[in-house]
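To start, the structure under review is shown below, and the notes come after it.
Everything numeric here is computed off the predicted structure, so don't read it as measured data.
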Amino acid sequence: PVTIERTIIGAKAFHCPVRDGKEWFHLAMVISAIAIVVFLALTAYDTQKIREQIYDGVADVEITGALSLYLDFINLFMNLLSLFGAKSDD
């Protein structure tokens, strides 16, 4: 199931502004890379959970599974954009 914590984390998208130096830029890149790994793992976990629920015959698994994967993909895409769209001032 989709939890409110995952939705709030995804909405913030781990955005860290570039401020005075390279530290902020590198921190933002590291946080985005970690978030990408986390959301890839969540996508794999949710996919496996959906397969098990379909096998067990759980009702309405299509709706909750689609919403869960949708949020995973949106968060993954936002963090990919944050990682590859970041620019340094150098």
Hydrophobic clustering (ILVMFWY, side-chain heavy atoms < 4.5 Å, transitive) - are F84 and V38 grouped together? yes
With no hydrogens and no angle check, is any side-chain donor or acceptor of S68 less than 3.5 Å from a backbone partner on T64? no
Indicate the atoms forming the closest heavy-atom contact of V61 with I50, along with that distance. CG2-O, 4.3 Å
Nearest 0.5 Å please: distance from the CG atom of N75 over to the CG atom of L40. 11.5 Å
Determine yes or no for a side-chain-to-main-chain donor-acceptor pair under 3.5 angstrom, with S32 supplying the side chain and A28 the backbone. yes
Looking at residues at least two apart in the chain, or sitting in another chain, which of them share a side-chain contact (heavy atoms from CB on, under 4.5 Å) with V30? I34
Would you say I54 and V58 make side-chain contact, with heavy atoms under 4.5 Å? no
Could you tell me the separation between the CG atom of L42 and the NZ atom of K49, rounded to the nearest 0.5 Å? 9.0 Å
If you measure from CZ on R51 to CG on D46, what distance do you get to the nearest 0.5 Å? 12.5 Å
Pick from L71, L76, L80: which one makes a side-chain contact (heavy atoms from CB on, under 4.5 Å) with F39? L76
Separation between CD1 of I74 and CE of M78, rounded to the nearest 0.5 Å: 8.0 Å
Taken to the nearest 0.5 Å, the spacing of Q53 CD from Q48 CD works out to 11.0 Å
Residue pair F73 / T43: nearest heavy atoms and the distance that separates them: CE2-CG2, 3.8 Å
Of all residues at least two apart in sequence or in a different chain, which pass the side-chain contact (heavy atoms from CB on, under 4.5 Å) check with V37? none
